[in-house]
Amino acid sequence: MTAKKDAAPPTWAFAYALGGTVLLAIAGLLFANLHESTEVFMVLTVVFAAPGAFLLIAGAVARGIEITRG
């Protein structure tokens with residue numbers, strides 16, 4: 001008999017990284033408009049940058065796990 005390899009559920013590493021990159025790009029565009037209304041654009045920058053950074057790091061970690069299991 002052959003031993004079956006443990007099948008891990010697929011992760012969404014690429015989707016996490018892509019979503020994080022898009023959110024960070026939006027945050028960068030908002031950061032460029034800080035001279036117009038500083039308080040509003042700084043809050044919006046943080047609102048988009050925080051989940052963007054989290055998703056980008058989560059995608060990198062998930063991809064690393066996929067590579068080591070593969």
Side-chain angles (χ1 to χ4, degrees):
M1 275 210 279
T2 60
K4 276 190 168 183
K5 189 176 178 182
D6 291 336
T11 60
W12 293 69
F14 181 72
Y16 289 160
L18 184 65
T21 304
V22 168
L23 288 175
L24 285 175
I26 293 171
L29 291 173
L30 291 170
F31 188 73
N33 290 326
L34 273 178
H35 65 280
E36 293 180 19
S37 178
T38 306
E39 294 86 13
V40 172
F41 280 104
M42 185 50 97
V43 168
L44 287 174
T45 298
V46 171
V47 164
F48 282 98
F54 174 78
L55 286 174
L56 193 64
I57 292 169
V61 170
R63 180 66 181 147
I65 291 171
E66 280 182 351
I67 290 173
T68 56
R69 283 186 182 171

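- A salt bridge (charged side-chain N to carboxylate O under 4.0 Å, His left out) check over residues 31-42, counting only residues at least two apart or in different chains, returns nothing.
- Leu24 and Val43 end up in different hydrophobic clusters when Ile, Leu, Val, Met, Phe, Trp and Tyr side chains are linked at under 4.5 Å.
- Residues Leu18 make up the rest of the hydrophobic cluster containing Phe14, defined by ILVMFWY side-chain heavy atoms closer than 4.5 Å, directly or through other members.
- Here Leu29 pairs with nothing under the side-chain contact (heavy atoms from CB on, under 4.5 Å) rule; sequence neighbours left out.
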Distance-only criterion, 3.5 Å: show the donor-acceptor pairs between side-chain atoms of residues 50-62 and protein atoms not counting sequence neighbours.
none

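- For Val40, the side-chain contact (heavy atoms from CB on, under 4.5 Å) test picks out Ser37, Leu44, with sequence neighbours left out.
- Asn33 CG to Phe41 CZ: the interatomic distance, rounded to the nearest 0.5 Å, is 4.5 Å.
- Within the structure, every pair that satisfies the side chain to side chain donor-acceptor pair (under 3.5 Å) test and touches residues 44-63, not counting sequence neighbours, is listed here: Arg63-Glu66.
- Evaluation of the side chain to side chain donor-acceptor pair (under 3.5 Å) test over residues 48-61, restricted to residues two or more places apart or in two chains, returns none.
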